[in-house]
Engineer: 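First, the structure itself, so that you have it in front of you.
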Protein chains: 2
Amino acid sequence: MTDKKYVYFFSEGDKSMKDILGGKGANLAEMTKLGIPVPQGFTITAESCDYFSKNGKWPEGLEKQIKDNVAKLEETMKKKLGDKENPLLVSVRSGAAVSMPGMMDTVLNLGMNDETVLAVAKKTGNERFAWDSYRRFIQMFGDVDMGVEHKFFEEVLEKAKENKGVQFDTGLDAGDLKKVVEEYKKVVKKHAVKDFPQEPFEQLRLSINAVFKSWNNSRAVTYRKLNSITGLLGTAVNVQAMVFGNMGETSGTGVCFSRDPSTGKNEFYGEYLMNAQGEDVVAGIRTPQPIAELAKGMPEQYKELVAIRDKLEKHYKDMQDMEFTIQEGKLFMLQTRNGKRTAHAAVKISVDMVKEGLLDEKTAIIRVPPEHLDQLLHKRLDEVAKKKYDVLAKGLPASPGAVVGKVVFNADDAVAMAEKKEKVILVRTETSPEDIKGMNAAEGILTARGGMTSHAAVVARGMGKACVAGCSDIKVHEEKKEFKVKDAIVKEGEFITLDGSRGEVFKGQIPLVDPELSGDFGILMEWADKHRTLKVRTNADTPADAKKAREFGAEGIGLCRTEHMFFEGDRIKAVREMILSEDLEGRKKALAKILPMQREDFEGLFTEMKGLPVTIRLLDPPLHEFLPHEEEDIKELSKEMKVDFEKLKSKVEELHEFNPMLGHRGCRLGIIFPEITEMQTRAIFEAAVQCANKGVDVEPEVMVPLVGHVKELALQKEVIVRVADEVMKESGKDIKYTVGTMIEVPRAALTADEIAKEAEFFSFGTNDLTQMGLGLSRDDAGKFLPSYVDMGIYAKDPFQAIDQDGVGSLMKIAIKHGRSVKEKLKCGICGEHGGEPSSVEFCHKIGLNYVSCSPFRVPIARLAAAHAAIKQGK
Amino acid sequence: MTDKKYVYFFSEGDKSMKDILGGKGANLAEMTKLGIPVPQGFTITAESCDYFSKNGKWPEGLEKQIKDNVAKLEETMKKKLGDKENPLLVSVRSGAAVSMPGMMDTVLNLGMNDETVLAVAKKTGNERFAWDSYRRFIQMFGDVDMGVEHKFFEEVLEKAKENKGVQFDTGLDAGDLKKVVEEYKKVVKKHAVKDFPQEPFEQLRLSINAVFKSWNNSRAVTYRKLNSITGLLGTAVNVQAMVFGNMGETSGTGVCFSRDPSTGKNEFYGEYLMNAQGEDVVAGIRTPQPIAELAKGMPEQYKELVAIRDKLEKHYKDMQDMEFTIQEGKLFMLQTRNGKRTAHAAVKISVDMVKEGLLDEKTAIIRVPPEHLDQLLHKRLDEVAKKKYDVLAKGLPASPGAVVGKVVFNADDAVAMAEKKEKVILVRTETSPEDIKGMNAAEGILTARGGMTSHAAVVARGMGKACVAGCSDIKVHEEKKEFKVKDAIVKEGEFITLDGSRGEVFKGQIPLVDPELSGDFGILMEWADKHRTLKVRTNADTPADAKKAREFGAEGIGLCRTEHMFFEGDRIKAVREMILSEDLEGRKKALAKILPMQREDFEGLFTEMKGLPVTIRLLDPPLHEFLPHEEEDIKELSKEMKVDFEKLKSKVEELHEFNPMLGHRGCRLGIIFPEITEMQTRAIFEAAVQCANKGVDVEPEVMVPLVGHVKELALQKEVIVRVADEVMKESGKDIKYTVGTMIEVPRAALTADEIAKEAEFFSFGTNDLTQMGLGLSRDDAGKFLPSYVDMGIYAKDPFQAIDQDGVGSLMKIAIKHGRSVKEKLKCGICGEHGGEPSSVEFCHKIGLNYVSCSPFRVPIARLAAAHAAIKQGK
């Protein structure tokens, strides 16, 4: 009656037909088309599922098409569904156009019944295997197709094991499993109130319907909602012949890679087991053999496999990860996909493939995920040695690199031990600015609290120190100088190893491997620079950072945080003196002490960055960050400063804020205390003049933080321009400079047209813009944000990857409004997102001029910017 | 050469010519036009100023026009500039189209010189007056026109007083002042390096130029920038004949009102002094006489004044505040303006004027500033008695009304003393939710910290208690049970008086006056309701609040904060039990205890609000707000709850947040702990069913707080709909309800089209939207926000009046996007701004359906809504 095609034999499809065949079906078809031996089968289209969802029945013609395809499959496989001698067993699997892992149902070993089980037993010579397969089939089928709860089957199995006195399923023999099958059938009868169907096509019909129905189960619906998967018709259904690698000594199974996934070398790589199933390779009970051994044992099949490897790699133009099974001497490919690889391998494979003429530069660039470069730039754990260690605790991978050191619990101890040339790891519940010297002295930092942009994380990344943050598994007792993980206690002086790239903590010392910025890496980065248009700057507060960043390819400083300079050495004293001053005179006196030190800082930076722009942000944090908060520390400071304890304490209390993030900070400091802005401006321009006198080319960009209203910027700009003029007049030297603003308060983005009238550049502070735009404190979000990401509310942590719909929309508004006033307004980003690949891509797309990130992320940003340009060019 | 008119004699202008004559010039012209006697003069246009600013000289023709007008003025006044017998003295004043008080310069007594001073002395018979006037002129002229610093003149004057051994200027006689004049002339010669000009037209020329120049002095430029005054040409210059009320017993001066500004009664009201100048009335050295006395002393002038009063009131159709001077029997009006009045007077005058046919209803409504109604709804200080008291300290007028009570320093003492029928005022550094029972027991609340929307302020307004918040003058020592204001100490049990409408604190007991919701008030509100379109709801958490609000005209509840219910009595125990539970079971057990209590709360609210909508917001604050924070309190609670102290303390620490405003609160609680949402939903719907069974018409609107992403709302809505369905199924009763969301996170506003797909209504939480949009913590902003308002960065405190450019733009985006998805989407506001007139007007303009505010602000919002509708109708 209808001509509509609902079923495609694998040979009838190809990889372009994902919409109707689903991802899995389309790929199986593609392999078939290439002439690769895959266990044959057919795919029922997503349209059939759509029809079934709407009408509760199959469309006309579907049954016939399925039956025809079953017949074709039987012919191909030379087996028959339900045959008593040579039965065909099939799998029934869902597969939509977009992967929804684990959301829908699967049935394996379909075709098993009281008769075929005997045939399988006979054929395989493995009675246990046959009954176990039958048992598994009933259990899966009963659960998926007949609605019998899993637990009823488990009860039977538990009882059987109890009776036999064994702990694992493997302890049951064929006889036991046969009894289990009998019991299973009773369970089905009791709970489904009908018999387990013996007729294979009935089994198939029910399984197909179950897969169709699973498209609309609540898990799947929620998954699609949370992952914003819309516009799909339903799931396709794949019916595929089962193959077994455990049918005797001419059978086997293995996993292989077309190149070495660790080193990237162009060598066939993999391992296999004879007379085994896929699970056996994974389970690790038997030790698999290197793939090269197969050449000796089954030379013909090995040759075939190598040929397939070559064909697939050429076809997909990428390193392939393949699964194969040999059933009674016949090779079947079960899967091929682009293989996962280490960063080293990714770079080498990409560069090699260009040399081999397989790829062009652009494709080679796209093949290396920018975030993987992190692995190349830091020391890492020796992967072989690592296997001997258990992970002690897991936290956030806050700053990459692997380090080994003795545990210390406060900054002073860290400094003291570091002076004795001990390698230490600073462990704190959370860090505060007072810990900076300790962080600097330590190899790495471990904190129990705080997110990816917590103080510890930000500072560690800036310093290039490894950091595991928000490691809620550990309880830190700073006084006792120990931390606990469940019952384990780690005391001061004991060794731990941190893997900041993975967020893992180990007890003991794991050997480390040095980073190798190999020739291939250099070649790839050169290509990336050629293809990108977005500039990449760095966030750097010290000449050392700046130097590092230049080595990594930074094209200027996008953010110099001047407050970090306030914490060092004697400066903090002068800063505190300023804070405690009751009047303007007192503050000016204290600021005068800081001036020469700041000037020196800027001179260092300018010199290191000569010829490149340097953006300097005026003082940002609330003043209470410069004072101690604990009674003890206040007491000590009062002695040190010879200030009355009560007076000091009351100042600390007076400065206390309920929500410091939204408090008296940023330009609000400079507006209430213009003398601070005056001092910083003077330091910047005096340094610039000194450099200019030495022939160092400087171009300071003075950046006002936390502007929400154009009048704030206007008031601060007035001070900056006035003092800059003064310094230039005094020195007789003209310095080219600009004054701009952070866009980090939502109001600033919304009123960017007003702000652009005063600003010569915009720099998006996406950390704060995220905090304010989303109403999320980065230091507190750890309590719920991971769950939010798990639930799919946010696809990624918005502090790691820009929330494009929310924060991104503020950025777009700001750029549009800002450039409506100043067409060429320079816009950059200096938030932590500036080194995150998807964010860099977004920045490119919305027309930013540059991104700025911590030195170690500069290469990542360069590569991500190239990705963005190449993708947009397409 | 040029025909352009640069100078207007007062009789040539009128009030419509502000743009070129400035505000002052236009009004003087208007009075002249009405035939009211004003000291005559002329106005030099703002265009002349513009020409002068650009060219540094007068435009052609200006000099001649000035001279012509001087001649005309001399003729009118029968005096001549520089005349040795009857000299004309004039004032030279700036006056732009927009008032810029104190920003520009003024010169008085121009025309004084060595000769005219003698004539004035002779004419007035008051030699001292003449020399003092001359002295003042030189000083003002020297400073303004010749750039001689004020301090040089002050030195001379100081020395003269020292020599004479007197403290005040008044101690110097004519002879002394004559010597001062000589010295002043020397000062001018020395510092300006030229002589003080004796020639009157030269004096005039210099003064006009000085006023022109003052348009661009830095104070004025900054003022215009900060107040967004743009598009003006410059300032006009008013040259006006001086009149003196101190020229003998037929001279005098006074201030009068066309109706009584305190009561609003239609009675001529005012006071005057014979032989005196304006300053004498203000200085209070002599006691002025009631205006009625003038009828006896100078019946003719009195009659003329009464006639002018009638004429001006009819002309301006408003109560007038007038200043007059009688010089040698001749009455001059110096100023008329709409008079300031009490709220009582405003209402009475408006209603009376409608009765008198002077005004229509709409104009009458517009005449009463909505914010003034506050005064009518609360007790207030007896203004007469108040005069005997000095203000002890000043803070923010956080919640209106005046109260007297004994000082207490903690909630328990407040409750204990209130139980003994003592009236108490709770004084705290800041309040927290634990203080609620104490706030409830107290008459009023005084805090040293926190802004207009701090906890104390919000709760006090909700309770209708007087509150002075952020009173930084006081230092509270809770342990010592005292507070300090500079050196004064106020101890527990001492009486203080708070004026929450003015933010003032007094020591002692000032008598109070009861509120009178007079008949006129009722009439005016009726008119307001007739003309407004915006609905007015209330924020109410208790049946008592709801009842109060209905009396004040609320049309539903726009915000019921359920957390306030969590603090009461035994509930806090169950809440704490829930927080301390380690698992879901434990939490559910504790929540089951809260359920019946919440149900009861909602029943009470629904019953009180029957027939009207009730919006219930799910739990909003972070959980740590329900636990104590001080070591002491934690100890006590651990005993009370029989929970290990360390465990409790570590829970408190675990829940600690750096920025609680941006922390684990709002729907983030319900998403991580859906059982809380389940319990609250069940309580709402069980209450609704109970009410429905009793025939009470209910329409709950369930509101999800702090939504930033549509998925948050979708997840919470799923729980709400599921539980509502359950309850309705169980009860067999159908309840009409809606589920909506707060729009209080910028991201929610930006993605309102997505959110509107799930939301049935929007309610703007403009407190949080302001905090996040502007990056301002309401509890911390006290440190800089007042300065920001002073500097004009924000015209008003954005927590009091919606920041229309920033927060308002988010609101507009949200409404536009939301209604693009649901055309009729109901939008309201439940932030504190809902009762602030300029914000209510804004809400009307952008198309909100309703505003919601605390009960005592409901009448204000009703009137403001009428204002908005009337203004927009124009």
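So that the names make sense, note that chain A is the first sequence line, chain B the second, and so on, each numbered from 1.
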Engineer: With a 6.0 Å cut-off (strictly less than), is the heavy-atom count around CD of B:Glu479, excluding the residue itself, greater than 12?
Structural biologist: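 Yes, the 6.0 Å shell around CD holds more than 12 heavy atoms from other groups.
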Engineer: Against chain B, work out which of A:Asp768, A:Ile672, A:Leu774, A:Thr429 has the most heavy-atom pairs shorter than 4.5 Å and name it.
Structural biologist: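 Ranked by heavy-atom pairs under 4.5 Å with chain B, first place is A:Leu774.
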Engineer: Sort out for me which of A:His709, A:Glu653, A:Glu754, A:Glu654 touches chain B most, counting heavy-atom pairs under 4.5 Å.
Structural biologist: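 Most pairs with chain B among the choices: A:His709.
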Engineer: Could you walk me through whether B:Ile671 and A:Tyr788 pass the side chain to side chain contact (heavy atoms under 4.5 Å, CB included) check?
Structural biologist: CA-CA 9 Å; B:Ile671 283 171; A:Tyr788 263 48; 3.4 Å; yes
Engineer: For A:Lys783, give me all partners under salt bridge (charged side-chain N to carboxylate O under 4.0 Å, His left out), at least two apart in sequence or on another chain.
Structural biologist: none
Engineer: Suppose a student defines contact as a heavy atom less than 4.5 Å from any heavy atom of chain B. Which residues in residues 805-815 of chain A would they list?
Structural biologist: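 Only A:Asp805, A:Gly806, A:Ser809, A:Leu810, A:Ile813 of residues 805-815 of chain A have a heavy atom under 4.5 Å from chain B.
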Engineer: May I have the list of side-chain donor-acceptor pairs in residues 744-752 of chain B shorter than 3.5 Å, sequence neighbours left out?
Structural biologist:
residue: B:Glu744; atom: OE2; partner: B:Leu706; partner atom: N; Å: 2.6
residue: B:Arg747; atom: NE; partner: A:Asp803; partner atom: OD1; Å: 3.3
residue: B:Arg747; atom: NE; partner: A:Asp803; partner atom: OD2; Å: 2.6
residue: B:Arg747; atom: NH1; partner: B:Gly708; partner atom: O; Å: 3.1
residue: B:Arg747; atom: NH2; partner: A:Asp803; partner atom: OD1; Å: 2.8
residue: B:Thr751; atom: OG1; partner: B:Arg747; partner atom: O; Å: 2.8

Engineer: Is a donor on one side and an acceptor on the other found under 3.5 Å between the side chain of A:Asp780 and the backbone of B:Phe658?
Structural biologist: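 Pair found, side chain donor or acceptor close to backbone of B:Phe658.
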Engineer: Would you please go through residues 659-668 of chain B and name the residues with a non-hydrogen atom below 4.5 Å from one of chain A, in numerical order?
Structural biologist: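 Within residues 659-668 of chain B, the residues that come under 4.5 Å of chain A (heavy atoms only) are B:Asn659, B:Pro660, B:Met661, B:Leu662, B:Gly663, B:His664, B:Cys667, B:Arg668.
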Engineer: Spell out, as yes or no, whether a donor-acceptor pair under 3.5 Å connects the side chain of A:Lys711 to the backbone of B:Tyr794.
Structural biologist: no
Engineer: Would a 4.5 Å heavy-atom cut-off, applied to side chains only, mark B:Met772 and A:Leu776 as touching?
Structural biologist: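 Not in contact.
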Engineer: Apply side chain to side chain contact (heavy atoms under 4.5 Å, CB included) to residues A:Met791 and B:Glu712 and explain how you reach the verdict.
Structural biologist: CA-CA 10 Å; A:Met791 286 190 243; B:Glu712 295 177 302; over 6 Å; no
